[in-house]
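Values in this document were obtained by computation on a predicted structure and should not be read as measured data.
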Amino acid sequence: YYDTNRLTYLGDYGNLMMEHFTDFSGHQNYDVSFTGGIAFVGKTVGFTRPIYDSFALVKVDHLPDIRVYSNHLYKGRTNKKGKLMITNLFSYRENIVSIEDKDLPLNYLIDSPEKMCIPGYREGVFINFKVEKVQAVTGQIFLVKQNKKIAPELGKLTFIKVGDTSFKPIETVIGWNGEFYIENLPPGKYNVTITYEKEKCSFEINIPEAKKDEFLIDLGEKTCQLK
């Protein structure tokens, strides 16, 4: 060949190469090729770039579109199940696998965006980045006595999860005009007790699960009738 043009695309699931060349007789020739691999880790099968050494299955909860790197080189983004198969890790050597924590929704926390692995030759490893979904709950609470609403300012609000004996009660102080704010309250049904001066009043409440990008849940105004 005396004239060659080549375009290569490195994708998350394989490499595509398109080539145009002119031979010595002047004929125009075109060639398209695709190379890739199929990897197995546990019960997960993944289509990958060509595998020349070790590989890994990366999981970030169920979160899609999280950027993944190995040894500081970009490898791709997680799919809709929060998974990505990455290739060409170094066997019998330390590999740093990391994710871009800026891609996480605002209401998710992660202990560390980096993990280290030492796979064997052409061995697949599972790397699980554990994340925690955080949500906060706010609202206003009032006691009702003789048809009169009382804001139990500086009183105590206690949440006990219904049907979960292992759940440790969560308490918070009630603020001005009955306002309250509490973090890391899992969704579910709760027995809520207001303790104010010499009064106690209890009722049940359902805490919904926050939406994907939602951090703060506003429960609005709640009342508890004193006997």
Which atom pair, heavy atoms only, marks the closest approach of R6 to T8?
CG-OG1, 4.1 Å

Would you kindly confirm whether L84 and V41 end up in one hydrophobic cluster when ILVMFWY residues are joined by side chain heavy atoms under 4.5 Å apart?
no

In chain order, what residues pass the side-chain contact (heavy atoms from CB on, under 4.5 Å) check against E114, with sequence neighbours excluded?
H72, I96, S98, S112

Would I160 and V162 show up in the same hydrophobic cluster when neighbours are defined by side-chain heavy atoms closer than 4.5 Å?
no

Hydrophobic cluster membership, Y69 vs M85, 4.5 Å side-chain cutoff:
no

When you compare the side chains of T158 and T193, does any donor N or O come within less than 3.5 Å of an acceptor on the partner?
no

Give the minimum heavy-atom separation between T78 and P64, together with the two atoms involved.
OG1-C, 3.3 Å

If the condition is side-chain contact (heavy atoms from CB on, under 4.5 Å), which residues does I51 pass it with, not counting sequence neighbours?
A39, T48, F55, T87

Is atom CD of E204 surrounded by more than 12 heavy atoms (other residues, nucleotides or ligands) closer than 6.0 Å?
yes

Can you list the other members of the hydrophobic cluster that holds I207, where links are side-chain heavy atoms under 4.5 angstrom apart?
V137, I141, L143, I150, L157, F159, F167, I170, I174, F180, I182, L185, Y190, V192, I194, Y196, F203, I205, I217, L219, L226

Which pairs of donor and acceptor atoms, one on a side chain in residues 115-130, lie under 3.5 Å apart (sequence neighbours left out)?
{"unit_1": "E123", "atom_1": "OE1", "unit_2": "G120", "atom_2": "N", "d": "2.6"}

How close do E153 and G178 get, counting heavy atoms only, and between which atoms?
CG-N, 4.2 Å

Mind checking who shares a hydrophobic cluster with M18, ILVMFWY linked at side-chain heavy-atom distances under 4.5 Å?
L7, Y9, L16, V32, F34

For D31, is the CG atom crowded, meaning more than 12 foreign heavy atoms sit under 6.0 Å from it?
yes

In chain order, what residues pass the side-chain contact (heavy atoms from CB on, under 4.5 Å) check against D61, with sequence neighbours excluded?
L63, Y108, V131

Between the side chains of S70 and N95, does any donor sit under 3.5 Å from an acceptor?
no

With salt bridge (Lys or Arg N to Asp or Glu O under 4.0 Å) as the test, would you mind laying out the steps for R77 and D65 before giving the verdict?
CA-CA 5 Å; R77 291 178 178 264; D65 296 323; 5.3 Å; no

Which distance, rounded to the nearest 0.5 Å, do you find between the NZ of K156 and the OG1 of T195?
5.0 Å

